[in-house]
Every structure is written in C-alpha cells, then in structure tokens.
Amino acid sequence: MSVFRLGEKPYPTQILQRKLYELLLQGRRIDGRGLLQHRPVSVELNVVEKAEGSAMVTLGKTRVVAGVKYDLGSPYPDTPDKGNLTVNAELLPLASRTFEPGPPDENAIELSRFVDRCIRESQALRLDQLVYVPGQKVGVVYVDVYVLDFDGDYFAPAVLAATAALASARVQRYEVQNGVVTKVAGERVPLPLVKLPTAAMIGILRDKVIVDPTALEEPALDASIVIGWGTDDELAAIQKDSPGLIPESLLDEMIEVSRNVTVRLRRTLMDRLRDVWRPAEDVSVGSQSQA
Amino acid sequence: MTELVNDKDFVLPGQPLTDERTKAGRFTYVHGGLVRSAVAGMVRIRGQKAEVIPARGPYKPRENDRVIGIVVDIKPSYYELDLGWGITGILRAKKAKKSGKESQVTIGDVIYTAIAFAGVKGVMLKGGKDAHRITRGFIVTMSPTRVPRLLVRDRELQETIERESQCKLYIGMNGYIAIVGPSTKNEFAAASAIRLVDTEPTLEGLKEKVMGVLRRALWEELVEE
Amino acid sequence: MEKALLIREDGTRVDGRKPDELRPFRMEVGVLENADGSAYIEMGKTKIYAAVYGPKEAHPRHIAQPHRAILQCRYHMATFSVSERKAPGMTRREHELSKVIREALESVLFLEEYPRSMIEVFVEVIQADAGTRTAGLTAASLALADAGIPMADLVAGVAVGKVAGRLVLDLSEEEDKNCEADLPVGMAPSINSIVLLQLNGRLTREEFSEAMRMAKKGIEVLYEAQKKALQKRFAAYGEVTD
C-alpha cells in the first residue's frame, strides 16, 4: 500500500531532520554555530612524554590524542628505499556510549586508513629520507590515534592530532657506518614532515552544506564525507563515510567548503607549531639518510 | 544520639552522618554502627531520617513519578518503553479493538505517563488517561538530579520557560523533557533554557539567567555566516 | 643495573623521595564531556583517564541479572604509553588487571540498586610509569562517584615495593623494574577494608605487615585528595531541590 521512499530515516530522526533543516534555513545550527563554522579547536603538544611526539586535540566536545613512536625495522619488499608508516586508530569505549570495547571495528579501521591516506598520499612524510641501509634497515614510524571523548566528527581532530604529533616529534638519531646502524647517544631529530595535512567533515541535509557535525546532527544528515587536504591546493584523501545520496550538484560546494576549513585549520596548526616545525620543503630535515 | 553533620552539608561516600541506625534514609547505609552516605550530595536531616540528595546520578524509578518513555518494542498485549538508565517500562496495551486494527502506537513514539509500580518485577507504567502520546516537538535530556529544579517553588522555572518560549514542557523525572511549541525557534529557545538549568552549578539567580537565554534566543537577529 | 643505586646512603630514593613518600600527583573529576562520570589522575608520569557509563541497558541482554546491575571494567594501555611501543589489543596482563580492578570496585558498590542494568568502567592508560593499576583504581572510583553510583566508600590504591632490601612507597618505573617485591594495595579507608591486594615477589612476614602499614598511610593521603577533587567538582552544589 505504501510507496517506497528512498533514504527514509526512522521516525524520531525524521523529526530531528525537519527541525535541523528549519534552523539551517535561518542560517544556524542546533548549538548556535553557523553552517560553515567548525567548533572551537585546541591543540596541546607533548602530552605523553614517553612518545616521540604527541598531541591532544579538542574540537568542541570531541577529543582525540595521538602519539608517535619510532623504531628501526626492515622495509617492505616492494619499497626497499622507503621507511615504513603504520597508522592505528581506536574508538575508545570511554569516549561514547555508542563505542563498544573490543578489537577495532570497521569504523575504527576506516578512521585509521583515512588518517593514513591523509599523511601518506599527501606525501607529507618523506619516507624516502628514513632509509639507513636500502633494502635492510629503515625507520618505522608508528602513529597511534585514540578517540577519548566523542561528540561527532572524529576525522578532523584525528588528522590534526596525527599531523601535530608528527610535526612535534623528536626521534633517535642513527648513524650508518659500513652498513652498520648505530644510535647517536642523546641526539634527537625531527621527522621529515614537509606538509601539514588537515581534514574536514562535511555533511549535507537536503540542499544545505554544513561543517563538523556533532553527534546529534550526524544521524540526521542525508550524507557526509570527510575530505583531507595535504596543502592549501592539493587534495589527499576523500571518504564518504556514511550511507546516503550526495546530489552531484552539491559536490563542488562541499569540496570548496572543505578547502576553506582545512586551510583555516592548517593556519591554526602552523601557529601552534611555530617553535617546533618549519614548512621547509627543500631542506633535508631528517638528515637521517646516509651521509 | 549524635548528628555528625549538619542539615544541607555536602557529604561524600563513606562519610558518617549519625550514630543512630534507625535514621538511615535514602542514599545511606549502615556500617560499624554509623549511618553513612552512599553518594556525593547534600544531607537532609528531617526529623527521624537522615537522607542524602545526590549531586549527580542515575534515575531510580519511584511510584507515581511522571516519566517520558520511548516505545522500543510492541508486543501483543503490551508496549516496552525505554526510560533511559537501562530501565524498561511496561505499558499495557488497551484491549484490542474488535475491528482488529493494528495499534496506532509505533516504535519511536514518545509517551508521557507515570510509574504505577517499580520493584523486583520491573517497572509498570500507568495507562489510560494517565498516558499521553506526544506527537509534536522533541525531547531533550537532562540529569535526573537536576529535574526537580524545574519544579521547585511551585514550578517557577517550568512556568518561566513555558511563558517566555510559548512552549509546553512535559517533564519526566527520568531526565527526559518533551518540548512542544509553536515553532522550531521557540522550541530551541526552550531547549537552551533547559540546558542552562541542567548545567548551572546553583539555583541561585537561575531564573534571571533563564530569562536572559530565552530572550536572546527569541529576539536575537539571525545572521547568515 | 646496580640495585644499590636505587637507595642512597641517607635512605632517600633515586628521585629524592623518602621511603614513605608518594610521587607528586594530581586528580580531577568530570574531565570528559560524554561519559556519565569521569576522572583523570597523574601520579608521577603515570597519566590515566577513567570513565563510567550507566546504569544502561545490559548488552547482550542475556547477561542481565534480575536482582542487580552487572559491572564491567576494561583496563587498557595506549600503544605509546610505554617506552617500547605496545602492540594494539588487550594483553593477558590487561585482562587480569581489568578483573582485579572490577572486583575492587564491586566490593564497595551497591549494585542491587539498579537491577537488570549494566555499569561500565573504562580505565585508559595514556602514559604508564608504574602504579597504573592502583592509580587506575583511584581514578575509576572517582569516576563512579562522579556518575552518582551509590557506593560504601571511595577506594584508592598504591603499591609498596621492596627495593635494594628496603620497603618503599609508590614505586617509580625505575624502582619497579628492579624491585624484589611489588605489593599493590587498594583500600576503602572509611570502612577499613581492603579491596585489592596482589603480591609479586618475596617478602618476610614482618616486611609484609610493615608494607601494609605504609600502603595504608599512602592511601589515606590519596583518599583526602580524592575527597578534595570531588568537593571541587561539586563545589557550587548546595540547594534544596524539592
């Protein structure tokens, strides 16, 4: 008897959708923000002294901590002349009543892989500078990301925290002599990070585009995507992270909005990293490859 | 007999309140001959009882409490309502109409009712004219320990919010508040007032703050970013 | 490593502490926005968040009990919390500590007040520098009090160790690695009860009694700090609400 309806949400969500949309038409959000405004962001560096680099990022009521560890290892057979990057993310059950304890689920793995792509595909981290003995000894960079407090949009703060942790990391310096790698006691060097990838979560509700949805808004959205930019001008990763239709006509606007937001986040981060990181693309920051 | 604390003192778990065992009231227990607090909160010594009002905490169902539940399951003779805090309330369905039509209650419906009985057998809700299905507006949540703030002094805050926002509030002691108003703008104004009642540390001067929030929400020029 | 180095001639420890002195510590209640209760603790370089959710619907439903709430607890360490990166996933040690912390908390909670429901406690170690199970217990107890779960008493914990033949309170990581015995203790001070007790190592009968006395002294200091942290959290609370 009833006609099929595409993308229809459960009844309480429909009410929320209607209310949210009415507000969006008036140019505002449930928490008083503008449509294209992200929540207040803060970046705290070196929160974990035992990590080579670490950062705690809060975005409204969402909080993420990232830590970087560094070690020596063997390269992957297909990249003998590159160091290794391993990104791991977990949605800790203390962050939200919707997160379950247990091994990372598909959402956590999706987050890991998105953060990984933002760093790897943007070529922000010069893995080629982390080679000590080609084919044998390379640097291994571990980036571990934990969501501590979740009120929507963990993607943007996770990428921000990972980038900040990498940029502020100081790792053991090694020397290579006759193919033998030895620690240089007491010497720590920055990682060869040459760009600051940042990401933004963009949601749509009918014809309206919003930035950085909260946990309340997320289920009411028609669809959302997260977009990572390696620099102000270059995309690095995109993930449509939920079911739902994205009208073709809105896509350009979504990309443009994400660009503006990520540029702003990059400026914030650069400011925060003023004393520990320099955007020096042609300088061999790591100076860890063989002399 | 000795009272070890004064009325309205802030106490912590384990703290002795009195040495008179018969005085043990709500949120207290007896150990080592002393009545002690089981929560962080405020002591109330009223005649024969010493009880503690928790500063924060989950909802505990009590007979005759007004509550709001969300229908989570429909069984042949009853509905299951989620009252939050892991509590499921049972609401008997009206006798099936002779026509054999399906009930008009659906999953996700919001019901404002009262607790008929709460005990080991579970939580039974009042049906009939005590139960109302709320079909408009939306629900906000607040800490159950803060709900009484809306109701003290002859519902002063509830009435202030209702008058200024032109919304009707259905107040569930379980911390669910339904807001039904003439427009979304009015409803959100009421919602931000309730958020304030939930988060402000003290009741002192709260009415003025609530008025301020409501007026700002209702009269502020809305500017597109 | 020379064990003699851990205790100096004047009886002080490598980090300058007296044998019965705690490390500098800090506690804060209500640090996370989304949990029903939360707390943060630092003891030396140990940094731990604890969060409580519930009472909530028991999941899966068949684990629910008709006469009481179920308590679940997960103690977990971040991969970067230790010097050598820990592999993600729960180790056997983390499973064991989850159990002893849960049972320590269960000893003081009035779980029968919330039948058929579930209460979850999560202890996340962001940085581990010895004493994480006891600091985790101390923080978890604060998070439960913050959530308003009825309990007989707050609980706090600390470890006593035997280092270079001497008993010392609240082991640092360096001491922990080189100790002859490690005795983590958790207590509910107002009701004079022990809620967590483990021993790893060799102690004489007399040393054990002395170690318990030292632990109790340390726990009393932590307990006072717990009370202050809760008072700060609820500082402005004070009104008649019905």
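Below, chain A is the first sequence line, B the second, and so on; all start at residue 1. Just so it is clear, the structure is predicted and the values come from calculations on it, not from any experiment.
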Return the minimal non-hydrogen interatomic distance between [X] and [Y], and the atom names on each side.
X        : Y        : value
A:Ala66  : C:Phe80  : C-CE2, 4.0 Å
A:Pro101 : C:Phe122 : CG-CE2, 4.0 Å
A:Leu94  : C:Ala35  : O-CB, 4.3 Å
C:Val31  : A:Arg63  : O-NH2, 2.9 Å
C:Ser83  : A:Lys50  : N-CD, 4.1 Å

With a 4.5 angstrom heavy-atom cut-off, could you sort out which part of [X] is near chain A: side chain, backbone, both or neither?
X        : value
C:Tyr53  : side chain
C:Asp36  : side chain
C:Val82  : backbone
C:Ala143 : neither
C:Glu173 : side chain
C:Ser38  : neither

Inset, instruction - Would you indicate whether A:Arg113, at its atom CZ, is surrounded by more than 12 heavy atoms from other residues, nucleotides or ligands within a distance under 6.0 Å? - result: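 No.
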Legend entry - Side-chain donor or acceptor of A:Tyr146 paired with backbone N/O of C:Thr79 under 3.5 Å: yes
Legend entry - Proximity breakdown for A:Lys61 and chain C, heavy-atom pairs closer than 4.5 Å: both
Legend entry - Structural part of A:Asn88 lying under 4.5 Å from a heavy atom of chain C: side chain
Hey, are the side chains of [X] and [Y] touching, using non-hydrogen atoms and a 4.5 Å cut-off?
X        : Y        : result
A:Arg97  : C:Glu120 : no
A:Val65  : C:Ile126 : yes
C:Arg74  : A:Pro93  : yes
A:Leu92  : C:His76  : yes
A:Leu148 : C:Glu33  : no
C:Arg85  : A:Tyr70  : no

Inset, instruction - Drop me the distance from C:His59's NE2 to A:Glu100's CD, to the nearest 0.5 angstrom. - result: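 It comes to 4.5 Å.
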Legend entry - Max heavy-atom pair count under 4.5 Å with chain A, selected residue of C:Gln72, C:Met90, C:Lys47: C:Lys47
Inset, instruction - Look at C:Gly89, C:Ser81, C:Ala78 and state which one has the largest set of heavy-atom pairs under 4.5 Å with chain A. - result: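 When all of C:Gly89, C:Ser81, C:Ala78 are compared, C:Ala78 has the most.
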Legend entry - Most chain C-contacting option - heavy-atom pairs closer than 4.5 Å, from A:Asp151, A:Val68, A:Thr62: A:Asp151
Legend entry - Pair A:Asp149, C:Asn34: side-chain N/O donor-acceptor within cut-off below 3.5 Å: yes
